[in-house]
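Structure, as structure tokens:
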Amino acid sequence: MPELLEVEIYRRLADSVVGATVQGVAAHDHWYLKGTTSARLLQRELVGATVVGTHRIGKLLLLSFGERPVLGLRFGMTGRLIVRGTAAIDYLEYSSARDEPAWDRFVLRFADGTDLRMRDPRRLGGVELNPSTDHLGPDALTVTPSQLRMALLGAAAPLKACLLDQRRLAGVGNLLADETLWRAALDPARRGGSLTLAEHRRLHRHLRITLPELLDRGGSHMGDLHHARVRGGRCPRDGVELLRRTIGGRTTYSCPRHQH
DNA sequence: CTCGACTCCTGTTAGC
DNA sequence: TGCTAACAGGAGTCGA
């Protein structure tokens, strides 16, 4: 489940191809090309182009090529980034432990002999030229208190569903949502718009602490709650059995004792 | 407009 | 042992 932390790790790896010039594009999986993007278009726009920078908005990784179109990479839940045969992340929660070259859905080959590939067993990711970013909310790693307040203002949806909604806040996925709400002692089922000012502050503080901390530890699955996110798991803080529910369409674990 | 339900994808795993 | 069905979740669509 690449969430924004994994994608940020991918972005740092992708930074190592800045300055490289594209010699070839392998995009044989038509399903993986989104919007109006086609293999032919990718060839025409990217071959001969030089990578000048990398960016990340939420879970979307962007490669810029100067005057050429921007290349957007989405990793879905099982997509990994591999540069020069080296994966940014060896282990990916919910993905496969195996490494099958057949799962390479998209490859950029560079003139210097290096390459960048997206390896995605379940094909939930995708590649798109000039992807729209209009619908993305503020990035969760840098969100301000007022931006977070606006993201939840008047929301009737459950708090967790709001955090997962990329239009409200970009980058948070299922594991980060559970971890942050657990740390902030907030019930994921609460209406998003029901938070008090003090609770807004608490949520913001825990977001801004938790994300960099887990980035340091190596990913979304390194949270304090994570090992307890199994059926019958107990709250690492209180020792009581965690609630397992579906909220926002996702499996949700929370502590019935300290999350309100 | 908002929200929830549904759908897509396929490797892994629990259970018979 | 071998099979089936449930499960995982990011993201888009659709209908109430």
Side-chain angles (χ1 to χ4, degrees), chain A residues 1-10 28-37 56-62 72-81 87 89-106 118-128 131-137 139-140 150-181 188-194 219-221 223 225-233 242 244-254:
Chain A
M1 30 70 271
E3 303 185 27
L4 98 173
L5 301 184
E6 283 73 22
V7 179
E8 176 60 21
I9 293 169
Y10 295 171
H28 306 301
D29 188 345
H30 180 72
W31 160 262
Y32 218 66
L33 309 181
K34 305 302 180 182
T36 57
T37 304
R56 181 191 58 77
I57 307 176
K59 304 168 190 171
L60 175 66
L61 178 59
L62 300 169
L73 308 178
R74 289 192 179 83
F75 294 90
M77 93 181 250
T78 57
R80 294 198 294 167
L81 187 73
I89 294 179
D90 288 331
Y91 171 78
L92 198 58
E93 195 79 13
Y94 304 123
S95 191
S96 172
R98 291 188 294 134
D99 255 335
E100 290 284 343
W103 295 335
D104 288 349
R105 311 298 178 187
F106 177 76
M118 289 179 73
R119 187 165 290 179
D120 184 358
R122 294 183 209 180
R123 303 167 78 214
L124 283 167
V127 170
E128 187 175 7
S132 169
T133 56
D134 301 343
H135 59 291
L136 292 174
D139 191 82
M150 289 307 293
L152 300 176
L153 188 67
L159 176 55
K160 175 170 174 180
C162 293
L163 295 182
L164 293 176
D165 183 349
Q166 303 298 298
R167 289 164 300 189
R168 295 180 187 275
L169 183 68
V172 174
N174 199 38
L175 299 186
L176 287 179
D178 274 9
E179 176 75 17
T180 303
L181 291 173
R190 281 269 296 278
R191 304 288 102 182
S194 73
S220 308
H221 61 292
L225 176 68
H226 187 258
H227 70 277
R229 289 184 83 269
V230 292
R231 288 172 197 268
L242 294 170
R244 182 185 189 272
R245 293 174 287 183
T246 298
I247 300 176
R250 295 291 165 259
T251 303
T252 301
Y253 287 89
S254 64

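A note on names: the letters A, B, ... follow the listed sequences, proteins ahead of strands, and every chain is numbered from 1.
- The 5' end of DNA chain C is approached more closely, in terms of each residue's nearest nucleotide, by A:Arg231 than by the other of A:Arg231 and A:Arg74.
- When heavy atoms are screened at a 4.0 angstrom cut-off, A:Thr251 is found touching the sugar-phosphate backbone but no base atom.
- The CG-P distance, from A:Leu61 to C:dG10, rounds to 17 Å in whole Å.
- Among the heavy atoms of the strands, none lies under 4.0 Å from A:Arg105.
- Using a 4.0 Å heavy-atom cutoff across all strands shown, A:Arg119 reaches no nucleic acid atom at all.
- A donor-acceptor contact under 3.5 Å is formed by the side chain of A:Arg250 with the base of C:dG10.
- Computed from coordinates, the A:Arg167 CZ to C:dT13 P distance equals 11 Å when rounded to whole Å.
- Rounded to whole Å, atom C1' of C:dG10 lies 15 Å from atom CG of A:Leu73.
- No contact: A:Ala161 has no heavy atom under 4.0 Å from any strand.
- For the pair A:His135 NE2 and C:dA11 P, the computed distance is 8 Å after rounding to whole Å.
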Apply salt bridge (charged side-chain N to carboxylate O under 4.0 Å, His left out) to residues A:Arg123 and A:Asp29 and explain how you reach the verdict. CA-CA 9 Å; A:Arg123 303 167 78 214; A:Asp29 188 345; 2.8 Å; yes

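- Between A:Asp178 and A:Arg229, at least one side-chain N (NZ, or NE/NH1/NH2) sits under 4.0 Å from a carboxylate O, which counts as a salt bridge.
- Donor-acceptor pairing under 3.5 Å is recorded for the side chains of A:Tyr253 and A:Arg244.
- Taking 4.0 angstrom as the limit, A:Arg168 places a side-chain polar atom (N or O) nearer than this to OP1 or OP2 of B:dC3.
- Side-chain proximity of A:Pro121 to the nucleotides B:dC9, B:dG11, C:dG10 is greatest for B:dG11.
- Following rounding to the nearest Å, A:Met77 (CE) and C:dG12 (P) show an atom-to-atom distance of 16 Å.
- Checked against C:dA8, B:dC3, B:dC9, the side chain of A:Ala157 finds its nearest nucleotide in B:dC3.
- Contact check, A:Trp103 against B:dT10: no side-chain N or O comes under 4.0 Å of OP1 or OP2.
- Neither OP1 nor OP2 of B:dG11 sits under 4.0 Å from any side-chain N or O of A:Arg122.
- One can place CD1 of A:Ile247 at 12 Å from P of B:dA5, the figure rounded to the nearest angstrom.
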side-chain contact (heavy atoms from CB on, under 4.5 Å), that's the test. Do A:Met118 and A:Trp103 meet it? Break it down for me. CA-CA 8 Å; A:Met118 289 179 73; A:Trp103 295 335; over 6 Å; no

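- As judged by a 4.0 angstrom heavy-atom cut-off over every strand, A:Arg123 is placed among residues touching the sugar-phosphate backbone only.
- Atom CG of A:Asp134 and atom C1' of C:dA11 are 16 Å apart (whole Å).
- Residues that satisfy the salt bridge (Lys or Arg N to Asp or Glu O under 4.0 Å) test with A:Arg250, not counting sequence neighbours, are absent from this structure.
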